[in-house]
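For ligands, and for the atoms within them, numbers begin at 1 and follow the listed sequence. Reckoned from all heavy atoms, side chains included, excluding hydrogens, waters and symmetry mates. Given the structure is predicted, the values throughout are model-derived calculations rather than measurements.
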Amino acid sequence: VVTGDLESRLSLARAAVPRLTELLAAEAASVDTEGAFPEAGLAALRDSGLLGLLVPVEHGGLSGTLTDLVQVAQELAGGCLSTAMIWAMHCQQVDTLVNFAGSELRERLLPRIARGEVYLASVTTEAAKGGHLLTSSAPLRESGERLALDRDAPVVTGGRHADGFLITMRASPEAAEHRVSLVYADRDQVALEFSGGWDTLGMRGTQSIGMRITGAVPTDQLVGPPGGFRTVAVEGMAAVGHLAWSACWLGAARQAFGDLVGLMRSPGGRQGVDVNSDLVAERIARARLDLELTSAYLNRVREEVERLRADGSPLGGASTQIHLNTLKVAAAELTFEAVDRLVQLSGLARGYRRDPDFPMERRFRDLRSASLNYANDRLLTVTGRLCLMDRSVDLA
Ligand SMILES: Cc1cc2nc3c(=O)[nH]c(=O)nc-3n(C[C@H](O)[C@H](O)[C@H](O)COP(=O)(O)OP(=O)(O)OC[C@H]3O[C@@H](n4cnc5c(N)ncnc54)[C@H](O)[C@@H]3O)c2cc1C
């Protein structure tokens, strides 16, 4: 009975995704223009149960899989890439809690997430050290039964709207920068001071603002071992992030491609594009090739991660890490390249000019963020070193 109930709740939530995607699409132009947070989109996601997609059924969630995550992320991103990334990053944090939080924190927090009450934000970037995931400068300080924190956070997606934060901190004032702890803070346990805006080229709806977070949390809100964030990142947060972000970028580029094909097939929409031209055909084929390669590699790496997790095997092996990093870098580059080609094909009137009904230029601006949203350079330099350890050249 419980399994049947879960299946029907999961399929109801999945069935709501096309309607949600339409709602996100309707809000996308205004959040982009105004740099506003997609409040209607997040409210609908809360109501849909999808904030709890990865929460296990025993905590009231949908016990969704990484396959579900990747599919839903792609669909939502067809409506609005900013909102899809907000949701995908939230799910990335949920997966981290499910796999690494202690049982007391899981029992307190996961049912609230499943009910749509808690939207989670991520705090890893820091002014002193930039984007580097595996170091932190601001220390956690023990104060009785609590852990005190004072953290600058220059880029926090949805920071103003989040109900909880997963924050990387140096393990203690004496610890080296690479001894990083991950800690959960509920919004009402901390004081938030917002600074700076988010006036960016793209991903404007993520409202990834700067903030300072101060306060103290109970010691059981450490997620993973003290100073042991590297394991949490490698076995969970970064792996799921790369899958979910790549799915979002692919979903946005795929929708742009579908929109252009639709336009070219409509008698009034061609606007001087000769669909019988070999040059046009070659250009469409090249954009499709970028999408095909991203989709195939995403599914291949997702299968590898699901298989290893099901076997209880680590994701930290050199070849799996190479595959996960390669996925992020390739998806960032290929989806942007595909939309760049589509802008050229669409021309000035349809591709380059701002048009809320045919948002090619918004997708182009949004996808330009992909190689920065965790710098491709950082991943490539790690991957290059890992390649020297993988003598068997174990390809995905
Ligand atoms: C849409 C969006 C949402 C985001 N949301 C969040 C969020 O919610 N929470 C959060 O904490 N952060 C968030 N970030 C920040 C993100 O995680 C990265 O920290 C940030 O994008 C990196 O900034 P940066 O380009 O200055 O690169 P950094 O990683 O700070 O690096 C600075 C420069 O050095 C280069 N570089 C780095 N390492 C090397 C190397 N080994 N060799 C050569 N060059 C190198 C980089 O390419 C870059 O040009 C978000 C970013 C974006 C774009």
Side-chain angles (χ1 to χ4, degrees), residues 28 31-32 35-38 42 73 77 80-94 96 119-138 149 151-169 177 180 182-185 192 194-213 229 232-233 237-238 240-242 244-246 248-249 252 325 328-329 331-333 335-336 362-386:
V31 300
D32 174 56
F37 189 79
L42 184 67
C80 175
L81 183 54
S82 283
T83 321
M85 277 297 267
I86 286 167
W87 178 78
M89 289 168 69
H90 161 87
C91 290
Q92 182 188 357
Q93 311 306 310
V94 173
T96 301
Y119 154 55
L120 295 168
S122 158
V123 179
T124 59
T125 306
E126 196 172 8
K129 53 96 188 187
H132 191 220
L133 183 65
L134 300 178
T135 56
S136 193
S137 168
L149 57 109
R151 174 70 150 82
D152 78 76
V155 196
V156 183
T157 288
R160 220 179 256 284
H161 299 264
D163 309 292
F165 301 87
L166 273 173
I167 307 166
T168 54
M169 299 287 300
E177 285 212 324
V180 176
L182 185 67
V183 66
Y184 173 74
L192 305 177
F194 300 102
S195 58
W198 177 249
D199 191 4
T200 48
L201 178 69
M203 300 304 283
R204 295 171 55 80
T206 61
Q207 224 187 58
S208 304
I209 52 163
M211 55 204 287
R212 181 175 169 201
I213 306 175
F229 174 65
V232 177
M237 193 186 267
V240 174
H242 291 188
W245 304 352
S246 301
C248 287
W249 298 329
N325 288 350
K328 191 274 167 184
V329 172
E333 291 184 354
T335 55
F336 177 67
R362 187 186 76 231
R363 295 201 168 105
F364 175 84
R365 286 186 288 107
D366 283 349
L367 283 166
R368 185 61 188 84
S369 71
S371 62
L372 303 177
N373 194 357
Y374 207 73
N376 277 6
D377 294 328
R378 289 198 187 276
L379 291 173
L380 285 166
T381 48
V382 171
T383 301
R385 293 192 178 97
L386 286 169

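Atom 18 (C) of ligand 1 has its closest protein heavy atom at T125 OG1, 3.8 Å. Of the protein's non-hydrogen atoms, T381 OG1, 3.4 Å is the one closest to atom 41 (N) of ligand 1. With hydrogens left out, the protein atom closest to atom 5 (N) of ligand 1 is T157 OG1, 2.8 Å, a heavy atom. Atom 38 (N) of ligand 1 has as its closest protein heavy atom R378 CG, 3.3 Å. Counting only heavy atoms of the protein, atom 2 (C) of ligand 1 lies nearest to N373 ND2, 3.6 Å.
At least one N or O atom of V155 sits closer than 3.5 Å to an N or O atom of ligand 1. The distance criterion of under 3.5 Å between nitrogen or oxygen atoms is met by T124 with respect to ligand 1. At under 3.5 Å, a nitrogen or oxygen of G131, whether backbone or side chain, sits near a nitrogen or oxygen of ligand 1. For ligand 1, one of its N or O atoms has an N or O atom of D377 under 3.5 Å away. The shortest N or O to N or O distance between T206 and ligand 1 is not below 3.5 Å. Between L372 and ligand 1, at least one N/O pair is under 3.5 Å apart.
Short contacts between ligand 1 and A375, defined as distances under 4.0 Å to a heavy atom of the residue, involve ligand atoms 29 (O), 46 (C), 47 (O). Set against the non-hydrogen atoms of G130, the atoms of ligand 1 under 4.0 Å away are 30 (O). Taking a cut-off of under 4.0 Å to the non-hydrogen atoms of M203, the atoms of ligand 1 that pass are 1 (C). Each of the atoms 3 (C) of ligand 1 lies under 4.0 Å from some heavy atom of S208.
Contact between E126 and ligand 1 is absent, with no heavy atom of the residue lying under 4.0 Å from the ligand. Put simply, no part of A121 is less than 4.0 Å from ligand 1, judged by heavy atoms.
Closest of all the heavy-atom pairs between A121 and V156 is CB-CG1, 3.8 Å. In plain terms, the two heavy atoms of S137 and E126 that are nearest each other are N-OE1, 2.9 Å. Nearest heavy atoms, W198 versus M203: NE1-O, 2.9 Å. For the pair G205 and I86, the tightest heavy-atom approach, listed with the atom from each and the gap, is O-CD1, 3.7 Å. Residue D199 comes nearest to R204 through the heavy atom pair OD1-NH1, 2.8 Å, listed as atom of the first residue, atom of the second, then distance. Between A332 and N376, the shortest heavy-atom contact is CB-ND2, 3.9 Å.
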Set out, in order, the CA-CA distance, both residues' side-chain angles and the distance that settles side-chain contact (heavy atoms from CB on, under 4.5 Å) for H242 and L379, then state yes or no. CA-CA 11 Å; H242 291 188; L379 291 173; 3.9 Å; yes
Review point. L166 and V123: side-chain contact (heavy atoms from CB on, under 4.5 Å), yes or no, with the steps?
Key: CA-CA 6 Å; L166 273 173; V123 179; over 6 Å; no
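When heavy-atom distances to ligand 1 are checked against a 4.0 Å cut-off, M85 has no atom that comes that close, whether in backbone or side chain.
For the side-chain hydrogen bond (donor to acceptor under 3.5 Å, both in side chains) test, residues two or more places apart in sequence or in another chain that qualify with R151 are T168. With sequence neighbours left out, D152 forms a salt bridge (Lys or Arg N to Asp or Glu O under 4.0 Å) with no residue at all.
Remark: R160 fails to qualify as a cation-pi partner of F37 under the 6.0 Å distance and 45° angle criteria applied to the six-membered ring.
The CG atom of L182 lies 7.0 Å from the OG1 atom of T96; values are rounded to the nearest 0.5 Å.
Within a 4.0 Å radius of atom 26 (O) of ligand 1, the protein has no heavy atom.
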